[in-house]
Amino acid sequence: MSAKTVVEVKNLSHIYQPMGEVALKNVDLTIKEGEFVAIIGQNGSGKTTLIKHLNGLLKATKGEVVVGGKLITDQKVSDMAHYIGYVFQNPEHQIFAETVEEEVAFGPKNLGFPPEKIKAMVDKSLGSLGLSHHRETMPFMLGRGEMQRLAVASILSMDPQVLIIDEPTTGLDWHECVQVMDLVKELNERGHTIIMTTHNMSIVSLYAKRVVVLRLGEKILDGPTEEVFRETEILKTAFIKAPQIFRLMSKFPEIELDNYDIDHVAEKIYHYMKGAE
C-alpha cells in the first residue's frame, strides 16, 4: 500500500505586494506520509515562501495548497497546529514564555487539552529533546543548540504529523548541528513527516531522503538525494555546490552505489579503475 499524501501543492504562485516581486512560479509538489524532504536553493529562491504556504502563514496568489486532504483556505492556522507544526529559523522569534516548561505547555493549552493530557505531552516532548532537567530554566538562558531543541519541543508537544523546520542548524557548531539533526531523524523514524529548508548541503546529504531544488521561484529538481546531487551542472545554475563526494561520483556515472559511505565509494572507485587498466 502506497503512503498517503499529506501535502499537495498545485500550480502555486506567490507575488509579494506592493512591489510585485514574484517569489514562486507555478510550483507543483506532493509529499507523502513519512518522507524526509529538504527544500534547498539560494536566498531569494522561494524556499521560505513555499513552506509558509504549507500552514497558512502566506496565502497563494494563484494555485492551491492541500494539507491533510483539506484546502488550506478552508482552515485556520490555529486549527492546523495539531496536524502540521512550523519551527522558525530563529528560535528567539518563536520563544516567549518565562520557563522551558511553560513554553512547551503553551501549544497544548491553546488547543484546549485537559491538564493531565498537557502534562503527559510536555513530559514526552521534554524527554525526547533532552530538556527535562531545564523545566524551570528561563529559555533565553539556554545555549543556542538547546534553544533550537526547545523550539522543536514546543511544536512537538502538539504532536503534529508533519513537522516543517526552517534552517534548523543556523548559528550552531557542528556538534550542535548533529545533535539537533539526530533528534529530527529520530522523529522521522517514529513516523513524523519532515520538511526542512537549509543551506547546509552536508546536513542534506546525511539526513534528507529527498531533495527539492528551487531557483528564482521555480522547481528545477525533485528526487532522491543521491540522484539530485549527481546533477551537478543543473545545481550550478542554482548556485548550489553538491557535497564533495557527490561531485566526485558525477565523474563516474557508470558506477552504481548502494550508499555514499566514504569507504564504500572508495572501494567501488578502486575496483572500477582496476577494471579499466
Side-chain angles (χ1 to χ4, degrees), residues 1-14 24 26-41 46-60 62-87 107-108 110-113 117 120-121 124-125 128-129 152-166 168 181-198 204 206-214 218-228:
M1 181 182 297
S2 61
K4 71 177 182 180
T5 298
V6 293
V7 172
E8 188 171 10
V9 175
K10 304 175 183 178
N11 199 34
L12 178 66
S13 295
H14 189 88
L24 293 174
N26 306 316
V27 173
D28 291 310
L29 180 65
T30 299
I31 296 176
K32 300 288 188 179
E33 185 177 38
E35 286 199 278
F36 194 140
V37 182
I39 300 174
I40 65 174
K47 302 187 304 297
T48 299
T49 300
L50 174 57
I51 62 174
K52 283 185 175 180
H53 282 79
L54 305 186
N55 71 340
L57 290 175
L58 288 176
K59 303 300 181 185
K62 183 182 74 171
E64 293 181 346
V65 179
V66 179
V67 174
K70 300 178 182 178
L71 281 169
I72 282 283
T73 51
D74 294 339
Q75 305 178 69
K76 296 179 181 178
V77 173
S78 56
D79 293 339
M80 296 173 59
H82 187 53
Y83 187 83
I84 187 164
Y86 189 108
V87 181
N110 204 40
L111 292 175
F113 290 116
K117 177 72 170 177
M121 296 173 86
K124 181 179 178 181
S125 293
S128 296
L129 278 298
V152 175
S154 66
I155 299 301
L156 190 62
S157 64
M158 292 180 280
D159 196 27
Q161 182 174 345
V162 182
L163 192 62
I164 302 172
I165 309 179
D166 192 8
M181 291 310 304
D182 280 352
L183 288 166
V184 174
K185 178 184 177 182
E186 184 180 337
L187 294 174
N188 180 240
E189 290 172 347
R190 289 188 209 160
H192 292 272
T193 303
I194 305 295
I195 303 170
M196 170 182 74
T197 70
T198 183
V204 174
L206 288 171
Y207 293 95
K209 302 303 182 185
R210 174 184 167 196
V211 175
V212 175
V213 184
L214 297 181
E218 297 182 282
K219 186 178 75 171
I220 61 170
L221 287 171
D222 182 356
T225 302
E226 61 274 13
E227 291 182 13
V228 169

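Along the sequence shown, the residues carry numbers beginning at 1. We use all heavy atoms of the structure for the numbers below, so side chains are in, but hydrogens, waters and symmetry mates are not.
Considering every non-hydrogen atom in both Glu35 and Asn188, the closest pair reads O-ND2, 3.3 Å. Of all non-hydrogen atoms in Val204 and Thr225, the two that sit nearest each other are O-CG2, 4.0 Å. Minimum heavy-atom separation, Leu71 to Val66: CD2-CG2, 3.8 Å. In this structure, Met181 and Pro168 approach most closely via the heavy-atom pair SD-CG, 3.9 Å. Closest heavy-atom contact between Gly63 and Ala60: O-CB, 4.0 Å.
Partners of Lys52 according to the salt bridge (Lys or Arg N to Asp or Glu O under 4.0 Å) rule, which considers only residues two or more places apart in sequence or in another chain, do not exist here. Take Glu186 and apply the salt bridge (Lys or Arg N to Asp or Glu O under 4.0 Å) test, not counting sequence neighbours, and it matches Arg190. Tyr83 meets the side-chain hydrogen bond (donor to acceptor under 3.5 Å, both in side chains) test with no other residue; sequence neighbours excluded. Take His192 and apply the ring pair (Phe, Tyr, Trp, His ring centres under 6.0 Å) test, not counting sequence neighbours, and it matches no residue. Residues that satisfy the side chain to side chain contact (heavy atoms under 4.5 Å, CB included) test with Lys117, not counting sequence neighbours, are Phe113, Pro114, Met121. Scanning for salt bridge (Lys or Arg N to Asp or Glu O under 4.0 Å) contacts around Asp222 gives Arg210, Lys219, with sequence neighbours left out.
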Between Ile51 and Thr197, does the side chain to side chain contact (heavy atoms under 4.5 Å, CB included) criterion hold? Intermediate values first, please. CA-CA 8 Å; Ile51 62 174; Thr197 70; 3.7 Å; yes

Before giving the answer on side chain to side chain contact (heavy atoms under 4.5 Å, CB included), spell out for Leu156 and Lys124 the whole-Å C-alpha distance, their side-chain angles and the decisive distance to 0.1 Å. CA-CA 9 Å; Leu156 190 62; Lys124 181 179 178 181; over 6 Å; no

As a quick check of understanding, evaluate side chain to side chain contact (heavy atoms under 4.5 Å, CB included) for Ile155 and Tyr86, giving each step before the final call. CA-CA 7 Å; Ile155 299 301; Tyr86 189 108; 5.8 Å; no

Please test Leu214 against Ile40 for side chain to side chain contact (heavy atoms under 4.5 Å, CB included), starting from the C-alpha separation and ending with a verdict. CA-CA 6 Å; Leu214 297 181; Ile40 65 174; over 6 Å; no

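Within the 4.5 Å cutoff, no side-chain heavy atoms of Lys32 are placed close to those of Val7. Within the 4.5 Å cutoff, no side-chain heavy atoms of Val152 are placed close to those of Leu183. Within the 4.5 Å cutoff, no side-chain heavy atoms of Val37 are placed close to those of Ile194. For the pair Ile31/Thr5, no side-chain contact is recorded, criterion being any heavy-atom separation below 4.5 Å from C-beta on. Using a 4.5 Å heavy-atom cutoff, the side chains of Pro160 and Ile84 are not in contact. The shortest distance between side-chain heavy atoms of Lys62 and Asn11 falls below 4.5 Å. Counting heavy atoms from C-beta on, the side chains of Tyr207 and Val184 never come closer than 4.5 Å. Residues Leu12 and Asn26 have side chains not in contact (no heavy-atom distance under 4.5 Å, counting atoms from C-beta outward).
Here the CG-CD1 distance, from Leu187 to Ile165, works out to 7.0 Å after rounding to the nearest 0.5 Å. Note that CG of Leu111 is 10.5 Å distant from CG of Asp159, once rounded to the nearest 0.5 Å. Note: Ile39 CD1 to Asp166 CG = 9.5 Å, rounded to the nearest 0.5 Å. Here the CZ atom belonging to Phe36 is positioned 4.5 Å from the CE atom belonging to Met196, to the nearest 0.5 angstrom. In this structure, Gln75 CD and Lys70 NZ are separated by 5.5 Å, a value rounded to the nearest 0.5 Å. Summarising the geometry, atom NE2 belonging to His53 is positioned 5.0 Å from atom NE2 belonging to His14; distances are rounded to the nearest 0.5 Å.
Panel note: side chain Ser157, backbone Ser125; no donor-acceptor pair is recorded below 3.5 Å.
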